[in-house]
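Notes for the one structure printed next.
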Amino acid sequence: MENAAVKFDHVKKYFGKRQGLFGKTSLKAVDDVSFEIQKGEILAVVGESGCGKSTMAKMLCKVYEPTEGSIYVNGMDVTGHTKKKEVKRFRKEVQMIFQDPFGSLNPAHKVSHIVGRAVELHYPELTRAQVRERVVELFETVGLTPAADFMEKHPNQLSGGQRQRIVIARALAVKPSILVADEPTSMLDVSIGIDIMNLMIDLQKKEGLTYLYITHNLASARYMADRMVVMYAGSCVEQGSTDGIIESPLHPYTVLLLSSTPEPFREEKLEIHAAEDLPDLTGDMNQCPFSGRCPRASDRCRREKPGTYIIGDRQVKCFLYEHAKEGDGPLVDVSIYQGKEL
Amino acid sequence: MENREIVLSVKDLNVRYTADRGEVQAVTNVSFDIHKGEFFGLAGESGCGKSTVAFSIMQLLKGAARIAGGSIQFNGRNVLAFTKEELRTFRWEKSSMVLQSAMNNLNPVVTIGSQLMDAILAHEALPRRAAQERARELLKLVNIDPARIKAYPHELSGGMRQRVVIAMALALRPDLVIFDEPTTALDVVVQYNIIRRIQELKRRMGFSVLFITHDLPLMLEMCDRIAIMYAGRMAEIAPVERLLEGGAHPYTRGLLQAFPSLVGPRKELRGIPGSVPDLITPPAGCLFYERCAHRQEDCLLAPPALEDLGGGHSCACRHMLSKEVG
Ligand SMILES: Nc1ncnc2c1ncn2[C@@H]1O[C@H](COP(=O)(O)OP(=O)(O)OP(=O)(O)O)[C@@H](O)[C@H]1O
Ligand code: SF4
Ligand SMILES: [Mg+2]
């Protein structure tokens with residue numbers, strides 16, 4: 001079988017955190033996460049702030065090394081490689097698109113220079129004319145047409161959406177096979193952001209790019225991705241097809257997240273009052289990370305960490321599904337949160 | 001709707017900012033009414049003037065800003081003509097405001113209880129004990145255990161801090177509470193919790209709400225009526241039901257079609273091409289012209305005026321869309 005474009009195999013990332021005078025605890029930013037992204041697929045990672053989404057993105061881009069576990073890119077284990085040459089080869093495979101199109105471009109340079117630099121860096125053999133030709137091509141690929149209208153501008157002369165297109169053009173300059181997009185539209189107005197999403201989908205279709213798409217917005221995950229991973233407190237609590245999860249979420253946290261997301265066209269209106277306690281990332285390893293908030297938590301959930309249970313194409317980390325079989329529906333719905341208070 | 005009591009009436013409001021390159025026409029000829037007990041939303045994309053309208057109502061505009069015309073009536077009285085003393089009572093007692101960053105503006109070295117009591121005692125001559133009792137009640141109101149009255153802000157989660165700020169805004173039982181992006185910095189579960197709480201308090205206490213956000217799905221879920229601004233002007237004001245059918249203004253239509261949905265068939269969405277015109281040298285005709293899919297030559301004559309369509313619905317466009325147009 002062909003290798004997956006990206007594979008996380010029991011990946012953990014703990015950060016040291018000093019506590020009191022003597023103790024040292026670790027913050028479990030990512031705790032035993034496994035998933036695959038097939039070539040040419042968009043996988044959405046969904047979850048709230050602090051759940052470990054960006055740490056996953058940074059590990060895939062080799063900003064951090066995992067504490068444990070392995071990350072494979074196109075079949076190659078990239079964990080631990082720190083030699084300059086290897087890192088450079090790796091960068092040609094994986095590129096990142098950041099959240100902030102304002103902060104990620106140097107205001108002192110013309111945008112043609114910014115994109116041109118990235119081309120030169122990875123293709124030093126190209127002549128100046130060839131670099132320029134490639135820059136024009138990249139501008140056109142990301143919808144900045146005619147390129148000549150934009151080449152001579154500085155980032156501050158462009159709108160937020162245009163800047164994000166420059167960021168994408170710069171990422172594409174090295175012809176990566178995988179793009180990591182961390183909330184790429186959250187700082188843009190929707191009427192602009194949706195076209196950035198369309199551009200990314202377009203690139204997936206035309207150039208066969210693979211994406212790890214990070215978002216806190218379930219509706220945009222559904223728009224972009226066929227499959228998604230739902231994160232809570234460093235754990236991947238549920239994964240499967242986006243449509244499947246949105247139609248019938250299994251994990252109690254997914255149920256909570258979905259019912260809290262505004263959706264004016266939803267038939268039934270929900271009346272829930274959910275607790276809003278933030279998860280404790282330094283907490284006990286030996287429990288379900290959601291057990292503190294979960295209305296269905298049992299003693300076992302507080303003593304033991306649930307495994308990953310597989311139900312059809314879905315994976316869920318919750319004891320309720322320990323004995324579930326393919327075809328079984330959700331064992332909880334939003335009513336478990338009815339009347340719950342902080 | 002129309003014969004209900006009007007709490008706030010903004011008429012032909014014009015606000016200008018002085019900038020290096022000239023005057024920014026941040027708000028131009030904006031008019032709307034908010035009724036008693038109404039949950040009124042003000043939507044639109046960044047820079048369209050939403051916050052400027054809110055700050056004008058509260059008379060909190062800073063240095064570079066100036067109200068260049070129009071009127072703001074609150075319970076029939078002209079806010080723009082208030083004396084300093086009248087303004088002091090107006091803010092907090094009649095009308096209060098919760099900002100996105102408010103939860104970070106709580107004093108970090110003072111307990112939340114003291115901060116609530118200070119807000120109360122600044123406006124009402126009460127014995128301290130009574131003020132403390134009120135502070136406890138307020139905490140209960142926003143669903144925080146009154147036993148936490150001695151907590152410092154950093155001991156609370158972001159969502160709880162924002163609810164303390166809401167409690168403060170409600171401390172003097174105002175008639176109007178303005179929320180400017182109160183939940184934008186919060187996670188959706190927390191946001192949901194806070195929004196439900198605001199709705200519940202509104203039902204119980206009967207105040208009116210002016211709610212500002214760029215999150216249209218959120219607004220469509222909770223408001224009675226929504227005003228949509230574009231480039232400093234009012235594009236459309238409509239009851240939520242009308243907007244769910246698509247809205248009459250091409251900009252409203254474009255905005256509604258740019259939000260991905262959780263339900264229904266997955267369909268390709270389109271953004272609105274182009275960008276907002278420069279508000280220092282705005283074009284002569286409709287400000288949406290450059291980006292509008294329905295423009296015609298006459299749109300260039302002058303910016304269209306807001307036209308009353310009845311039933312709480314008004315729209316500023318020469319070629320309004322009917323419900324059927326997709
Ligand atoms: N102090 C200022 N000096 C000059 N121009 C200003 C100033 N404050 C705001 N503006 C301009 O006035 C217009 C309206 O701004 P305002 O902050 O009211 O928009 P908004 O709708 O609240 O936007 P957002 O959604 O980003 O909060 C914008 O063009 C903005 O750039
Ligand atoms: S007036 Fe004309 S340009 Fe303006 S929104 Fe209406 S149709 Fe479009
Ligand atoms: Mg604002």
Side-chain angles (χ1 to χ4, degrees), chain A residues 47-51 143 158-162 185-199 201 215-224 226 242-243 246-247 253 256-267 269-278 293 337 340-342, chain B residues 44-48 142-145 157-160 162-163 183 185-197 199-200 213-223 240-241 243-244 251 254-264 266-276 291:
Chain A
E48 307 201 64
S49 65
C51 72
L158 299 181
S159 69
Q162 291 167 342
T185 63
S186 67
M187 298 186 65
L188 302 173
D189 277 321
V190 266
S191 72
I192 305 295
I194 196 76
D195 281 337
I196 297 288
M197 290 194 224
N198 287 335
L199 169 64
I201 295 171
T215 177
H216 63 272
N217 184 307
L218 276 170
S220 86
R222 177 177 186 244
Y223 188 70
M224 287 282 291
D226 290 326
T242 5
D243 284 338
I246 287 171
E247 269 156 37
Y253 172 67
L256 176 61
L257 184 66
L258 193 67
S259 7
S260 305
T261 304
E263 175 47 71
F265 293 99
R266 188 153 34 199
E267 291 291 326
K269 288 284 171 250
L270 304 155
E271 277 303 331
I272 61 164
H273 298 286
E276 60 175 48
D277 262 333
L278 295 177
R293 294 171 79 184
Y337 293 99
K340 284 271 175 291
E341 289 288 359
L342 188 66
Chain B
E45 300 186 276
S46 86
C48 72
V142 292
N143 227 32
I144 293 173
D145 182 356
S157 69
M160 286 168 90
Q162 193 65 315
R163 281 184 288 147
T183 57
L186 302 169
D187 282 334
V188 334
V189 175
V190 180
Q191 161 175 293
Y192 182 91
N193 200 326
I194 289 185
I195 297 296
R196 284 287 176 267
R197 182 65 37 187
Q199 281 182 319
E200 212 172 293
T213 177
H214 57 262
D215 186 346
L216 208 51
L218 175 68
M219 206 169 248
L220 287 166
E221 264 210 358
M222 53 187 233
C223 292
V240 164
E241 309 77 62
L243 290 181
L244 291 175
Y251 175 63
L255 258 192
L256 286 165
Q257 288 175 347
F259 280 91
S261 170
L262 286 173
V263 296
R266 283 214 237 177
K267 52 176 189 271
E268 194 183 329
L269 303 174
R270 281 272 150 246
I272 306 173
S275 52
V276 184
R291 306 173 73 185

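What you see is a predicted model; the values in this text were computed from it and never measured. To find a chain, count down the sequence lines: A is the first, B the second, and so on, and within it residues start at 1.
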Indicate the atoms forming the closest heavy-atom contact of [X] with [Y], along with that distance.
| X | Y | value |
| --- | --- | --- |
| A:S191 | B:A258 | CA-CB, 4.0 Å |
| A:V190 | B:E45 | N-OE2, 3.8 Å |
| B:E221 | A:R266 | OE2-NH2, 4.3 Å |

Can you tell if the side chain of [X] reaches within under 4.5 Å of the side chain of [Y], non-hydrogen atoms only?
| X | Y | answer |
| --- | --- | --- |
| A:Y223 | B:K267 | no |
| A:P262 | B:Q191 | yes |
| A:Q162 | B:S275 | no |
| B:R266 | A:D243 | yes |

Between the CG atom in A:N217 and the CG atom in B:L262, the distance rounded to the nearest 0.5 Å is 7.5 Å

Reported CG-to-CG distance for the pair B:L269 and A:D195, which is rounded to 0.5 angstrom: 9.5 Å

Heavy atoms only, distances under 4.5 angstrom: which of [options] has the most pairs with chain A? Name it, please.
| options | result |
| --- | --- |
| B:V276, B:V263, B:L220 | B:V263 |
| B:L255, B:V188, B:I195, B:V240 | B:V188 |
| B:G264, B:S261, B:G274, B:S46 | B:S261 |

Given that the side chain runs from C-beta out, which part of A:I246 has a heavy atom under 4.5 Å from chain B: side chain, backbone, both or neither? side chain

